[in-house]
Amino acid sequence: MADLSQQEWEEQLENDSNAIILDVRTEEEVEEGIIPNSINIDIYKGQEFVAELEKLDKTKNYYVYCRSGNRSGQACAIMKNLGFDKAFNLQGGFMNWEGETA
């Protein structure tokens, strides 16, 4: 698990053919826009969040974001405990994102 700056996150993501973008925000937050091609699993769903993570491919590299970078950091820690090797937290989260949105 690593905290990456906006620039590091975007550059690493662009060059990663094994990447999955994970948005851990609420449905209301997702309605404000998303980073393209991301999948949403709301971290506030507790055990349901963990159950959804368990369905994911642990061999992939996960680029995780939330609104500010706090919940995505927690999500990366949870993922590490579940056996995910590569989870990268977007520092500053979606509110500081300057890349493309959908």
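- Residues passing the salt bridge (charged side-chain N to carboxylate O under 4.0 Å, His left out) test with Glu27, sequence neighbours excluded: Lys45.
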Using distance only, find each side-chain donor-acceptor pair of residues 83-91 under 3.5 Å and give its atom names and separation, not counting sequence neighbours.
from	atom 1	to	atom 2	distance (Å)
Asn89	OD1	Ser72	OG	2.4
Asn89	OD1	Gly73	N	3.4
Asn89	ND2	Asp3	OD1	2.8
Asn89	ND2	Gly69	O	3.2

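- Applying the side chain to side chain donor-acceptor pair (under 3.5 Å) test to every pair with at least one member in residues 93-102, sequence neighbours left out, gives no pairs at all.
- With sequence neighbours excluded, the residues that form a salt bridge (charged side-chain N to carboxylate O under 4.0 Å, His left out) with Lys58 are Glu54.
- A salt bridge does not link Glu31 with Arg25: none of the charged nitrogens is closer than 4.0 Å to a carboxylate oxygen.
- Side-chain N or O atoms of Glu8 include one that pairs as donor or acceptor with a backbone N or O of Ser5 at under 3.5 Å.
- Put simply, Ile43 and Val30 are part of two different groups of oily side chains (I, L, V, M, F, W, Y) that touch within less than 4.5 Å, one to the next.
- Note: Leu22 CG to Asn40 CG = 8.0 Å, rounded to the nearest 0.5 Å.
- By the rule that hydrophobic residues join a cluster once side-chain heavy atoms approach within less than 4.5 Å of another member, Tyr44 and Phe94 end up as members of separate clusters.
- Note on Ile20 and Ile78: same hydrophobic cluster, where clusters join Ile, Leu, Val, Met, Phe, Trp and Tyr whose side-chain heavy atoms are under 4.5 Å apart, directly or indirectly.
- Of the possible donor and acceptor atoms, none in the side chain of Tyr65 sits under 3.5 Å from a partner among the backbone N and O of Ile21.
- Of all heavy-atom pairs between Gln6 and Gly93, the closest is NE2-O, 3.0 Å.
- Summarising the geometry, atom CG belonging to Leu4 is positioned 10.5 Å from atom CD belonging to Glu11; distances are rounded to the nearest 0.5 Å.
- Evaluation of the side-chain contact (heavy atoms from CB on, under 4.5 Å) rule for Glu32 yields no partner, not counting sequence neighbours.
- Tested against Tyr62 for a side chain to side chain contact (heavy atoms under 4.5 Å, CB included), the candidates Asp57, Leu53, Asn18 yield a single pass: Asp57.
- In this structure, Glu10 contributes its side chain and Gln7 its backbone to no donor-acceptor pair below 3.5 Å.
- Remark: Lys80 engages no residue in a salt bridge (charged side-chain N to carboxylate O under 4.0 Å, His left out) (not counting sequence neighbours).
- Ile34 and Met95 sit in two unconnected hydrophobic clusters of ILVMFWY residues. Membership requires side-chain heavy atoms under 4.5 Å apart, directly or through other members.
- Linking Ile, Leu, Val, Met, Phe, Trp and Tyr whenever their side-chain heavy atoms come within less than 4.5 Å puts Ile39 and Phe49 in one cluster.
- Contact detail for Val24 and Val64: the closest heavy-atom pair is CG1-CG1, 3.9 Å.
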